[in-house]
Amino acid sequence: MKLTPKQEAFAQAIVTGVNQSDAYRAAFNVGAKTKPKTVNQAASRLMADSNISARVDELREPVAKKSQMTLETHLNDLLSLREMAAKGKQYSAAITAEVARGKASGIHVERSENTGAIEHIFRWQGE
């Protein structure tokens with residue numbers, strides 16, 4: 001999966017968030033006379049190359065992992081929000097944050113019961 005220096009520069013540029021055409025222009029030093037359609041097509045062909053798209057994925061992976069929300073960070077964020085709300089005497093907001101923490105951690109489970117109707121159905125079907 002060895003890329004040329006220009007292909008690597010293209011992949012690196014893509015990961016920074018620029019569009020494919022701009023990444024192509026930056027990596028391949030496209031002249032001002034080159035038509036946009038030509039640049040777009042060349043950039044699209046490069047991105048379709050399995051080696052280049054694999055390299056882009058490889059470069060994006062650590063960034064994606066770093067930005068992922070974990071249960072721990074989510075619970076800590078909700079705890080901070082609860083504490084800020086409680087300090088501001090916004091108890092409804094504090095309770096809402098605490099309930100959200102409970103739901104996220106699996107401690108708070110909402111359930112509804114309607115045993116009367118179900119018992120009636122089972123009795124009716126058994127007759």
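The residues of the chain are indexed from 1 along the displayed sequence. Heavy-atom basis, side chains included; hydrogens, waters and symmetry copies ignored.
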Which donor-acceptor pairs under 3.5 Å do side chains of residues 27-45 form with protein atoms, sequence neighbours excluded?
unit_1, atom_1, unit_2, atom_2, d
Thr34, OG1, Gly31, O, 3.4
Asn40, OD1, Ser21, OG, 2.3
Asn40, ND2, Pro36, O, 3.4

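Applying the ring-ring contact (aromatic ring centres under 6.0 Å, His included) test to residues at least two apart or on different chains, none of the pairs has a partner in residues 34-59. Counting only residues at least two apart or on different chains, no ring-ring contact (aromatic ring centres under 6.0 Å, His included) pair has a member in residues 78-102.
Gln90 CD to Leu81 CG: the interatomic distance, rounded to the nearest 0.5 Å, is 11.0 Å. Within the model, atoms CG of Asn19 and CE of Met47 stand 11.5 Å from one another, a figure rounded to the nearest 0.5 Å.
Qualifying side-chain hydrogen bond (donor to acceptor under 3.5 Å, both in side chains) partners for Glu8, counting only residues two or more places apart in sequence or in other chains: Gln12, Arg55. Applying the salt bridge (charged side-chain N to carboxylate O under 4.0 Å, His left out) criterion to Asp57, with sequence neighbours excluded, gives no partner residue. For the side-chain contact (heavy atoms from CB on, under 4.5 Å) test, residues two or more places apart in sequence or in another chain that qualify with Asp49 are Asn51, Ile52.
When every heavy atom of Ile14 is checked against every heavy atom of Ala23, the shortest pair comes out as CD1-CB, 3.7 Å. In terms of heavy atoms, Val15 sits closest to Arg60 at CG2-CG, 4.1 Å.
Residues Leu46 and Gln7 meet the side-chain proximity criterion, which asks for heavy atoms closer than 4.5 Å.
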